[in-house]
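None of the values given here were measured: they were computed from a predicted structure.
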Amino acid sequence: MKKQKLFQIPALFALLMSTVLWAVVCQAATKMPSFALENVRDGQIVQSSSFGGKVLLLTFFATWCPPCAEEVPSLVKLQNQLSDSGFSVVGLSVDQQDADVVAKFVEKRGITYPVLLAKAQTTEDFGGVYGIPVAFLVNKSGNVVKKYMGYVQLEILEKDIRSLLN
């Protein structure tokens, strides 16, 4: 009788885990919220629709955030290596200062990808951004397929991005 119970627990656990994983997979791909935000370099309004058909890594950051600054070289590297393959990083600044402060950060750090000023509504549209950095991986169809909380290693990002480009 005891042996039978031992075998039932792993089977029940496996069933529960497969149900949880199925639910996560089904909820993983949601449409990227649309936006129209100011580019810190030139003040032009950038529409989310201008990135149609590309794989995107949308990263919420602030100039005063040490982990955000730490990830910039990896993001620049990804942008430089993969932009010709239909990929773009898009920085979304949650700074409360004006665009000039963010533009200076962009220039000082050698950021080559678009950097936009996020609005409060933008963070809400993405499910609430409560910590930074936080990034969202978007596939070519415009669906958010992954969310990254905190600093993420370059190798992980590159692997995930390349899987969507192929």
Side-chain angles (χ1 to χ4, degrees), residues 24 27-165:
V24 169
Q27 294 174 2
T30 57
K31 202 70 176 161
M32 176 184 75
S34 61
F35 56 79
L37 301 171
E38 180 183 346
N39 185 321
V40 301
R41 288 185 175 92
D42 59 16
Q44 297 294 313
I45 300 300
V46 176
Q47 303 281 336
S48 54
S49 59
S50 67
F51 298 105
K54 288 188 173 189
V55 172
L56 301 176
L57 183 67
L58 299 162
T59 180
F60 286 85
F61 77 99
T63 58
W64 47 263
C65 164
C68 299
E70 185 180 341
E71 75 178 359
V72 167
S74 295
L75 299 176
V76 168
K77 186 173 184 178
L78 288 169
Q79 178 71 21
N80 293 343
Q81 287 180 344
L82 302 173
S83 63
D84 290 341
S85 301
F87 167 75
S88 184
V89 174
V90 179
L92 299 169
S93 171
V94 297
D95 282 275
Q96 299 299 311
Q97 295 114 346
D98 61 18
D100 291 340
V101 171
V102 182
K104 288 176 185 172
F105 177 86
V106 166
E107 186 177 330
K108 181 180 177 184
R109 301 277 176 181
I111 295 175
T112 56
Y113 48 86
V115 176
L116 314 175
L117 293 178
K119 299 176 183 172
Q121 186 63 49
T122 312
T123 61
E124 288 177 31
D125 291 347
F126 277 86
V129 173
Y130 302 106
I132 50 173
V134 62
F136 298 85
L137 185 59
V138 178
N139 66 16
K140 292 178 184 179
S141 299
N143 294 316
V144 176
V145 296
K146 198 160 192 177
K147 179 179 180 179
Y148 304 94
M149 300 291 294
Y151 176 85
V152 181
Q153 293 180 347
L154 172 64
E155 296 78 19
I156 293 169
L157 292 173
E158 186 172 6
K159 178 181 171 252
D160 291 348
I161 293 163
R162 287 189 184 277
S163 74
L164 295 177
L165 290 172

Self-check item: Non-neighbouring partners of Glu158 that pass salt bridge (charged side-chain N to carboxylate O under 4.0 Å, His left out), sequence neighbours left out
Solution: Arg162
Self-check item: Test side-chain contact (heavy atoms from CB on, under 4.5 Å) applied to Leu117 and Asp98, step by step
Solution: CA-CA 9 Å; Leu117 293 178; Asp98 61 18; over 6 Å; no
Quiz item: Do the side chains of Val101 and Trp64 get nearer than 4.5 Å, heavy atoms only?
Solution: no
Quiz item: Is any side-chain heavy atom of Val72 less than 4.5 Å from a side-chain heavy atom of Phe105?
Solution: yes
Quiz prompt | Side-chain heavy-atom pair Phe61, Val102 within 4.5 angstrom cut-off | solution = yes
Quiz item: When you look at CD of Glu107, are more than 12 heavy atoms from neighbouring residues, nucleotides or ligands closer to it than 6.0 Å?
Solution: no
Exercise. May I ask you to decide if Gln97's main-chain N or O and Asp95's side chain share a donor-acceptor pair within less than 3.5 Å?
Key: no
Exercise. Indicate the atoms forming the closest heavy-atom contact of Ser48 with Ser34, along with that distance.
Key: OG-CA, 3.2 Å
Quiz item: Does Lys31 reach the main-chain N or O of Ser141 with its side chain, forming a donor-acceptor pair under 3.5 Å?
Solution: yes
Quiz item: Looking at CG of Leu78 and CG of Asp160, how far apart are the two atoms once the value is rounded to the nearest 0.5 Å?
Solution: 10.5 Å
Quiz item: Side chains of Leu58 and Phe126: does their closest heavy-atom pair fall under 4.5 Å?
Solution: yes
Quiz item: If you count the non-hydrogen atoms of other residues, nucleotides and ligands that lie under 6.0 Å from NZ in Lys140, is the total more than 12?
Solution: yes
Exercise. Return the set of residues passing salt bridge (charged side-chain N to carboxylate O under 4.0 Å, His left out) with Asp125 (not counting sequence neighbours), or none when no residue passes.
Key: none
Quiz item: Closest approach of Tyr151 and Ser74, non-hydrogen atoms and distance?
Solution: OH-OG, 4.2 Å
Self-check item: 4.5 Å side-chain heavy-atom contact, Pro114 and Phe51
Solution: yes
Self-check item: Test log, rule side-chain contact (heavy atoms from CB on, under 4.5 Å), inputs Thr63 and Arg109
Solution: CA-CA 10 Å; Thr63 58; Arg109 301 277 176 181; over 6 Å; no
Quiz item: When rounded to the nearest 0.5 angstrom, what is the spacing between OH in Tyr148 and CD1 in Ile156?
Solution: 8.5 Å
Quiz prompt | Val90 side chain reached by Tyr113 side chain, heavy atoms, under 4.5 Å | solution = no
Exercise. Take Lys147 and Val134, measure what side-chain contact (heavy atoms from CB on, under 4.5 Å) needs, and give me the verdict at the end.
Key: CA-CA 7 Å; Lys147 179 179 180 179; Val134 62; 3.6 Å; yes
Quiz item: Just how far is it from atom CD1 of Ile161 to atom CG of Leu154, taken to the nearest 0.5 Å?
Solution: 8.5 Å
Quiz prompt | Closest heavy-atom pair and its distance - Ala99, Val40 | solution = O-CB, 4.1 Å
Exercise. Check whether any side-chain N or O of Gln79 sits under 3.5 Å from a backbone N or O of Val89 as a donor-acceptor pair, and report yes or no.
Key: yes
Self-check item: Spacing of Thr112 atom OG1 and Asn80 atom CG [to the nearest 0.5 Å]
Solution: 4.0 Å
Quiz item: Which heavy-atom pair separates Val138 from Leu164 by the least distance, and what is that distance?
Solution: O-CD1, 4.3 Å
Quiz item: Taking atom CD of Gln121 as the centre, does the number of heavy atoms from other residues, nucleotides or ligands within less than 6.0 Å exceed 12?
Solution: yes
Exercise. Flag the pair Phe136 / Leu56 as yes when at least one side-chain heavy-atom distance between them is below 4.5 Å, and no otherwise.
Key: no
Self-check item: Atom of Ala62, atom of Val94 and distance for their closest heavy-atom approach
Solution: CB-CG2, 4.0 Å
Practice problem: Determine the minimum heavy-atom distance between Pro133 and Glu71, stating which atoms define it. | Solution: CB-OE2, 3.4 Å
Quiz item: Hey, what do you get for CZ (Phe60) to OH (Tyr130), rounding to the nearest 0.5 Å?
Solution: 12.0 Å
Practice problem: Output the distance between atom NZ (Lys119) and atom CG (Leu92), rounded to the nearest 0.5 Å. | Solution: 12.0 Å
